[in-house]
Amino acid sequence: MGGVAPLETSALRRAYGRLVALAGLTLTVGAGECVALIGANGSGKSTAVRTIAGLLEPTGGTVRICGHDPHVEPEGEDARAELAVVPDAPLLYDDLTVRQHLELVTLSHGVAREGVDDRIDGLLDRLGLGTRGDFLPRELSRGMRQKTQLACALVRPAAVLVLDEPVVGLDPPSQVLLAELLHEAKRTERAVLLTTHQMAFADDLADRAVVLDEGEVVDEGAWSAVRERAEARGWSRA
């Protein structure tokens, strides 16, 4: 990959007619770095994530995942191979069990079969899903479905991990575990982009922050400095 950043956007824009949901987001996330997109509901965070992930077409600007454009084939296939996404609402197959979801992901991304069962077992146990491996999504709580989606993202190789409001539906111990897993992702040189309106979750995790308000970047910089300015304005949420 050389000097190419895992994740780059330049003047990224998404509009719906006259409504501009995201206006000119320029962002770079390096290997082993975590950047938090923060802001209130409706600020454009999810629009940014979905456009970066290739789920929404940009109406301006560019996205590059390890140098590949997720919106243009065949580059899109290379981009998707390097990008693991945890959406704000779990997207799971109704007729696949928890374990089958992870097996499908490993097969789809060419994970070597040797040791994959142990890796799946380890992830399920760590996420508190060890006794739920043969459960279907409809048999799981919201939090367990979210953990299943997280396991699907972590069981495969990826240079970039993108999470949209990952703490929603998770109890406090699960939030602590999620933070530990993201720290591990950083230590293995994954680039992490997450969105949250719960700033306390990103403390000691995010290196930098970008603040969105009605699609516009209104602040950015080192996490601690942005956090301090947000508190001074009185709109941060603990």
Side-chain angles (χ1 to χ4, degrees), residues 6-7 29 34 45-46 49-56 65-66 68 70 76-171 173-196 201 205:
L7 171 59
V29 186
C34 175
K45 303 188 306 296
S46 291
V49 164
R50 291 169 185 162
T51 307
I52 288 168
L55 302 176
L56 289 174
I65 307 296
C66 298
H68 306 296
E77 183 176 349
D78 294 327
R80 288 188 293 274
E82 298 289 357
L83 176 67
V85 180
V86 180
D88 57 344
L91 299 175
L92 302 171
Y93 293 101
D94 293 338
D95 56 348
L96 292 185
T97 66
V98 170
R99 172 174 285 279
Q100 287 170 338
H101 275 90
L102 271 66
E103 290 172 345
L104 176 62
V105 169
T106 58
L107 286 171
S108 299
H109 291 278
V111 178
R113 298 310 301 165
E114 183 177 357
V116 74
D117 289 336
D118 289 340
R119 178 164 175 75
I120 289 174
D121 287 339
L123 264 176
L124 293 180
D125 286 342
R126 191 167 182 192
L127 289 165
L129 295 169
T131 60
R132 304 290 196 277
D134 61 349
F135 280 41
L136 295 171
R138 63 176 176 272
E139 300 176 286
L140 303 174
S141 67
R142 171 66 168 78
M144 287 184 177
R145 292 195 300 273
Q146 184 75 354
K147 289 180 182 180
T148 300
Q149 190 80 71
L150 178 63
C152 288
L154 294 175
V155 77
R156 47 158 294 203
V160 182
L161 182 59
V162 175
L163 307 97
D164 192 6
E165 298 290 356
V167 300
V168 174
L170 297 183
D171 57 25
S174 296
Q175 293 183 28
V176 172
L177 174 59
L178 173 60
E180 291 175 359
L181 290 167
L182 294 181
H183 275 295
E184 291 175 10
K186 290 175 63 178
R187 286 195 292 271
T188 56
E189 294 298 295
R190 292 192 186 192
V192 179
L193 177 69
L194 65 88
T195 76
T196 185
F201 174 74
L205 178 62

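These numbers come from the heavy atoms of this one structure, side chains and all, not from hydrogens, waters or symmetry mates.
- Between Leu83 and Pro70 there is no side-chain heavy-atom pair separated by less than 4.5 Å.
- Under the side-chain contact (heavy atoms from CB on, under 4.5 Å) criterion, Ala185 pairs with Leu161, Arg190, Val192, not counting sequence neighbours.
- Here the straight-line distance linking atom NE2 of His101 with atom CG of Leu129 works out to 12.0 Å at 0.5 Å rounding.
- Closest heavy-atom contact between Ala153 and Ala84: O-CB, 3.7 Å.
- Between the CG atom in Leu124 and the CG atom in Leu102 there is a gap of 5.5 Å [rounded to 0.5 Å].
- Qualifying side chain to side chain donor-acceptor pair (under 3.5 Å) partners for Thr196, counting only residues two or more places apart in sequence or in other chains: none.
- The side chain to side chain donor-acceptor pair (under 3.5 Å) pairs that include a residue from residues 127-136 number zero, where partners must be two or more places apart or lie in different chains.
- Under the rule for a salt bridge (charged side-chain N to carboxylate O under 4.0 Å, His left out), Lys147 has no partner lying at least two apart in sequence or in another chain.
- With hydrogens and angles disregarded, a donor-acceptor distance shorter than 3.5 Å links the side chain of Lys186 to the backbone of Leu205.
- Interatomic distance, Ile52 CD1 to Ile65 CD1, rounded to the nearest 0.5 Å: 7.0 Å.
- Considering every non-hydrogen atom in both Leu182 and Leu194, the closest pair reads CD1-CD2, 4.1 Å.
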Which pairs of donor and acceptor atoms, one on a side chain in residues 108-117, lie under 3.5 Å apart (sequence neighbours left out)?
{"from": "Ser108", "atom 1": "OG", "to": "Leu104", "atom 2": "O", "distance (Å)": "2.8"}
{"from": "Arg113", "atom 1": "NH1", "to": "Thr106", "atom 2": "OG1", "distance (Å)": "3.2"}

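- A 4.5 Å side-chain heavy-atom check between Leu163 and Leu193 finds every atom pair outside the cut-off.
- Listed here is the closest heavy atom pair of Ala191 and Val29: CB-CG1, 3.7 Å.
- A search for salt bridge (charged side-chain N to carboxylate O under 4.0 Å, His left out) contacts involving Glu189 returns nothing, not counting sequence neighbours.
- Applying the salt bridge (charged side-chain N to carboxylate O under 4.0 Å, His left out) test to Glu82 and every residue at least two apart in sequence or in another chain returns nothing.
- Across all their heavy atoms, Leu170 and Gln175 have their closest contact at O-NE2, 3.0 Å.
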Report task. Go through the steps for Thr51 and Leu55 under the test side-chain contact (heavy atoms from CB on, under 4.5 Å), then give the verdict. Result -> CA-CA 6 Å; Thr51 307; Leu55 302 176; over 6 Å; no
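- Applying the side chain to side chain donor-acceptor pair (under 3.5 Å) test to Arg126 and every residue at least two apart in sequence or in another chain returns Glu184.
- Looking at heavy atoms from C-beta onward, Val155 lies in side-chain contact with Ile120 at the 4.5 angstrom threshold.
- Partners of Arg80 according to the salt bridge (charged side-chain N to carboxylate O under 4.0 Å, His left out) rule, which considers only residues two or more places apart in sequence or in another chain, are Glu73.
- Residues meeting the side chain to side chain donor-acceptor pair (under 3.5 Å) test with Asp171, sequence neighbours left out: Ser174.
- Closest non-hydrogen pair, Arg145 versus Leu140, comes out as NH1-O, 2.8 Å.
- A donor-acceptor pair under 3.5 Å is formed between the side chain of Thr195 and the backbone N or O of Glu165.
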Report, one line per pair, each donor and acceptor closer than 3.5 Å where one atom sits in a side chain of residues 85-97; sequence neighbours left out.
{"from": "Asp88", "atom 1": "OD2", "to": "Arg50", "atom 2": "NH2", "distance (Å)": "3.4"}
{"from": "Thr97", "atom 1": "OG1", "to": "Gln100", "atom 2": "N", "distance (Å)": "3.1"}
{"from": "Thr97", "atom 1": "OG1", "to": "Gln100", "atom 2": "OE1", "distance (Å)": "3.4"}
{"from": "Thr97", "atom 1": "OG1", "to": "Gly133", "atom 2": "O", "distance (Å)": "3.4"}

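- Remark: the Arg142 side chain and the Gln146 side chain contain an N/O donor-acceptor pair separated by less than 3.5 Å.
- Of all the heavy atoms in Ala159 and Cys66, the pair that sits closest is CB-SG, 3.6 Å.
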